Amino acid sequence: MSSNADIYHEMIVDYSRNPINYGEIENHDVTFHDSNPLCGDSIDIDMKIDDNKVTDIKFHGKGCAICMACSSVLTEITKGKSLDEARAIEKNDVLSELGLEHLQAVRIKCALLSLKVLKSALYTYIGKNLKDTGDVDKLKEEAANLY
Amino acid sequence: MSSNADIYHEMIVDYSRNPINYGEIENHDVTFHDSNPLCGDSIDIDMKIDDNKVTDIKFHGKGCAICMACSSVLTEITKGKSLDEARAIEKNDVLSELGLEHLQAVRIKCALLSLKVLKSALYTYIGKNLKDTGDVDKLKEEAANLY
Amino acid sequence: MQSTETLFENIRNDFPILKRTVRDNKPLVYLDNASTTQKPNQVIDSITDYYQNHNANIHRAVYALAEEATEAYEATRDKIANFVNIKDRQEIIFVRGTTEAINLVAYAWGRTHIKEGDIVVTTEYEHHSNIVPWQLVTQEKHAKLEYIGMDDNGELILDDLDKYLATGKVKLVTFSLMSNVLGTITDAQKIIEKCKAAGVLTLIDGAQAVPHMKVDLEKLGCDFFAFSGHKMLGPTGIGVLWVRKSVLETMSPFHGGGDMIREVHKYETTWNDLPYKFEAGTPNIADVVGLGAAIDYLTKIGMDNVREHEIELTKYAIEKLSQVKGLHIYGTKDLSKRGGVISFNFADVHPHDVAQIIDEEGIAVRSGHHCAQVLMERLNVAATSRASFYIYNTKQDIDILVNSLNIVAKVFKL
Amino acid sequence: MQSTETLFENIRNDFPILKRTVRDNKPLVYLDNASTTQKPNQVIDSITDYYQNHNANIHRAVYALAEEATEAYEATRDKIANFVNIKDRQEIIFVRGTTEAINLVAYAWGRTHIKEGDIVVTTEYEHHSNIVPWQLVTQEKHAKLEYIGMDDNGELILDDLDKYLATGKVKLVTFSLMSNVLGTITDAQKIIEKCKAAGVLTLIDGAQAVPHMKVDLEKLGCDFFAFSGHKMLGPTGIGVLWVRKSVLETMSPFHGGGDMIREVHKYETTWNDLPYKFEAGTPNIADVVGLGAAIDYLTKIGMDNVREHEIELTKYAIEKLSQVKGLHIYGTKDLSKRGGVISFNFADVHPHDVAQIIDEEGIAVRSGHHCAQVLMERLNVAATSRASFYIYNTKQDIDILVNSLNIVAKVFKL
Ligand SMILES: Cc1ncc(COP(=O)(O)O)c(C=O)c1O
Ligand SMILES: Cc1ncc(COP(=O)(O)O)c(C=O)c1O
């Protein structure tokens with residue numbers, strides 16, 4: 001386990017004060033909200049989707065520095081990706097970007113809340129618009145079992 | 001505590017096989033049933049009451065030797081007593097008759113079940129026929145807190 | 001590897017209470033295992049270690065102790081999944097014991113799904129905890145409670161089940177996998193097969209089965225399963241309810257409070273993920289850890305060895321007890337169909353008197369209705385005496401029991 | 001007699017976990033006592049002793065062990081009666097904790113007595129366990145749940161209560177005697193007075209009060225009272241519900257099962273005497289014994305001394321923390337109106353980040369919503385950090401906490 005001194009490096013502190021892609025999208029094609037029942041972190045993600053591509057993505061909510069930094073990084077990674085690429089994003093794509101691979105169990109939930117919301121938003125969109133339900137169930141399960 | 005060898009003396013064994021005052025009274029003036037939730041012992045007492053006097057009393061039910069012996073002794077003590085005398089009967093009046101003063105806590109409930117039923121029968125009768133409620137409540141409480 | 005014989009000889013050393021004497025300096029002969037079992041040092045020590053080194057509230061906090069406590073708590077969930085073969089750990093809910101488990105189902109599933117005119121089916125040999133909750137909910141819902149009868153051999157009459165299922169009104173069939181009075185092992189496979197064909201859910205009370213034989217939930221195919229830790233070497237105050245996920249998802253929350261919520265607002269609340277939705281409040285963390293140690297202990301012995309040991313004891317006991325004049329044993333004598341529980345009556349002596357007299361010899365047996373008054377009515381007795389075995393019992397224990405009955409015979413002039 | 005100062009110095013020796021180091025070899029500074037407390041050897045040993053020497057199921061059996069176990073179990077009921085001044089031991093029901101206690105009332109009293117259009121009143125600073133059960137039952141019964149508001153000082157606005165009572169529709173007013181977030185001590189006497197005048201029942205959540213101050217139920221005059229053992233040096237998995245006899249007698253049974261019945265027949269059942277009617281199934285016997293040991297321990301210290309010690313620590317902590325730039329403390333500063341619970345926020349740093357950084361220094365504080373999201377909404381924050389004290393805490397603990405905040409300031413460039 002990395003020590004906390006390592007975890008709270010400059011990038012995380014900066015993102016927590018100045019998150020990127022923070023806000024709402026008025027004419028979003030899909031939106032999803034979820035929260036962490038244990039700590040109260042709470043995240044919404046809005047997306048614009050055109051031609052099976054995430055053309056815009058924003059998040060808002062309340063959370064700790066870890067949650068804010070990860071949400072910033074995740075939305076940045078997702079923007080511009082195809083739906084297939086977006087649903088293929090994994091934990092470590094987010095965590096490694098911030099050097100958080102060895103985060104302790106309780107905090108993992110802070111780090112991955114936005115990824116859970118993203119996956120949920122994706123299956124909501126796909127289920128509604130693409131009617132490819134078998135896969136949606138898999139995605140749903142993935143979201144449910146993220147941590 | 002007396003040892004069990006002492007407890008199961010001849011009188012108890014005999015009463016358990018040949019209880020006295022065992023049976024029902026057809027034209028009883030009051031009857032009451034109760035059971036011991038923990039062991040399943042179960043006793044009914046019927047009484048004839050004339051002129052505020054217990055002119056006849058019988059019991060029936062299922063129970064261990066202790067319960068049967070104590071029921072026998074209790075009904076024998078009660079028969080012929082006035083209501084005031086009957087309600088004044090105490091634990092030790094029954095227990096001492098059989099040398100059971102030092103019975104362990106669980107078995108005390110077997111020994112005193114019939115006394116509880118007697119007291120309950122008495123307050124039922126008094127409450128119904130004599131309308132002296134203050135006292136009935138006291139008797140009720142006595143029955144409830146017997147052991 | 002040690003032989004099973006040495007294995008069971010050494011086991012007694014793990015149980016400090018077995019070194020005790022009671023009453024007049026008599027060594028303890030503990031034969032009330034169907035009621036609760038004794039605890040090995042391994043279980044007692046795990047609780048002590050939890051409190052001495054790791055105690056904290058779980059799930060919510062960031063600090064080191066809370067992390068350790070949460071890990072220890074959740075590790076037991078995985079051990080349980082392994083022990084009774086559950087694929088999805090989210091289906092495992094910690095409760096106080098079998099009684100709370102069944103009541104949870106009666107409230108959180110029953111009150112939503114049982115409607116007027118519906119039928120819940122139980123059996124004549126159930127423990128009160130698998131009768132009374134169903135009386136309460138069927139009375140509330142104007143539904144009916146029906147009983148699968150028992151034959152004179154102590155086995156269920158499954159024709160009764162067919163009759164009830166044929167009405168098309170049955171919502172749930174609930175039964176114990178092993179009777180706590182007769183030791184009968186229920187033919188669960190057959191019952192579940194019939195219920196599945198009729199689209200009816202099944203609940204198994206595993207309180208007596210899980211401690212004494214290998215149980216495989218995946219194979220059984222029931223929908224609800226309950227058992228208690230204290231009957232399987234574990235601490236008091238902890239038990240398990242398992243519910244098939246698809247059914248669990250149709251259940252309303254039971255207790256409201258901390259840990260079971262997602263978001264609480266003044267006038268509305270959303271629920272936490274499974275299984276936490278059903279674990280409100282600070283759980284019995286230390287005893288969950290203790291239950292984990294009990295499972296480790298039993299796993300090390302091997303449940304097949306446990307069963308074999310008990311069959312041997314039961315066989316011996318039935319043989320010996322059958323030789324006592326005036327003694328009547330209830331239930332089947334077919335050892336493949338029964339666990340290590342022997343209910344008996346001794347001539348016309350009331351079971352309480354039997355128990356009290358042999359208590360003086362250091363023997364702990366239960367006498368009474370064993371929380372199975374419906375069965376007592378069926379057997380037409382007020383009570384029975386019951387000796388029940390576990391891994392630390394020996395043939396010598398049975399010899400002492402049988403000898404003590406001579407004293408009873410003498411006192412009661414049999 | 002030793003002086004109170006030496007008394008509290010020696011106390012730490014009774015708590016083995018306080019000798020632990022965490023993370024990078026830092027001595028443990030445990031400041032999450034509002035969540036759960038650590039256990040002294042006396043409590044741990046009582047559980048060990050129970051399992052090593054007396055373990056058996058209670059109430060029903062005749063044999064020696066069962067007698068000893070029953071005595072130990074029932075002795076705790078008497079200790080509780082003494083500790084919080086209850087006249088009638090039959091009014092004391094053992095439950096898992098405060099959460100189960102309140103849910104029991106919501107089910108067994110609420111579902112019988114709350115009708116359409118009725119009002120249940122709670123407060124803005126309640127723990128989820130005193131909100132969610134009432135949401136569930138009022139929703140089911142088409143009744144309403146209303147909140148007594150809180151002023152900026154962290155105290156209840158009792159005018160709200162008057163307003164609700166004036167409707168004539170209130171069936172129950174329920175509130176915690178001490179807030180688990182702000183430490184506010186509720187003016188229970190005044191609330192109960194108003195409710196009694198209006199013929200309305202009152203429930204007190206005593207989870208935070210009983211461990212930290214002298215509580216006298218006879219004097220309070222409420223109708224229901226709940227608390228948890230694990231927050232007062234006792235084991236996890238055990239708590240207490242007290243209900244005034246006259247009210248208890250109007251309650252339906254909660255869980256059905258063993259021990260709570262008088263006679264079970266196939267289609268009807270009668271109930272056991274109080275309190276057993278509400279204690280179905282094998283109870284958490286060992287932890288009841290452990291709770292008894294915890295009460296003995298606290299009684300020996302004296303609850304007035306406990307309170308005094310915590311006032312001193314709280315005073316010191318508020319002084320020191322107030323000097324930290326950017327740190328905001330919630331709730332009243334009037335020490336006579338608050339317990340040893342301090343919630344704070346540190347500049348714009350999220351409480352989780354505070355907790356995680358100081359965890360590295362060995363400090364255990366809680367961060368989050370503390371199961372009080374309605375209060376978080378009222379305070380308009382997502383979360384707070386919370387330090388809460390108990391008998392084994394020292395001024396040095398507080399110094400370490402305050403120093404560690406410098407590291408937070410450095411990391412977050414405050
Ligand atoms: C005020 C208050 N009420 C209720 C509870 C719930 O207690 P438990 O989790 O022991 O059921 C707590 C503790 O978390 C509390 O602080
Ligand atoms: C078959 C059966 N079911 C249920 C129970 C109740 O278990 P508990 O008392 O642990 O809730 C028991 C034990 O007494 C039992 O033997």
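Note on naming: letters A, B, ... go to the chains in the order of the sequence lines (proteins, then strands), and numbering restarts at 1 for each one. Not measured: the values here are computed from a predicted model.
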message: Regarding Glu85(B) and Lys53(B), does a basic nitrogen lie under 4.0 Å from an acidic carboxylate oxygen?
response: no

- prompt: Roughly how far, to the nearest 0.5 Å, is OG of Ser71(B) from CD1 of Ile43(B)?
  reply: 4.0 Å

query: Is any NZ, NE, NH1 or NH2 atom of the basic residue among Lys277(D) and Glu249(D) found under 4.0 Å from an Asp or Glu carboxylate oxygen of the other?
result: no

- request: Against chain B, label Ala66(D) side chain, backbone, both or neither, depending on which of its atoms sit under 4.5 Å from a heavy atom there.
  value: neither

statement: Expected contact set for residues 253-267 of chain D against chain B at heavy-atom separation under 4.5 Å reads Asp259(D), Ile261(D), Arg262(D), Glu263(D)

task: Provide the closest heavy-atom pair for His54(D) versus Ala69(D) in the form atom of the first, atom of the second, distance.
output: O-CB, 3.6 Å

- request: Assess the pair Phe94(D) and Tyr73(D): is the distance between their ring centroids shorter than 6.0 Å?
  value: yes

message: Please report whether the ring centroid of Trp109(D) lies less than 6.0 Å from that of Phe224(D).
response: yes

task: Please flag which part of Glu71(D) lies under 4.5 Å from any non-hydrogen atom of chain B: side chain, backbone, both or neither.
output: neither

- line: Given the options Ile80(D), Val215(D), Asp216(D), Asn85(D) meets side-chain contact (heavy atoms from CB on, under 4.5 Å) only with Asp216(D)

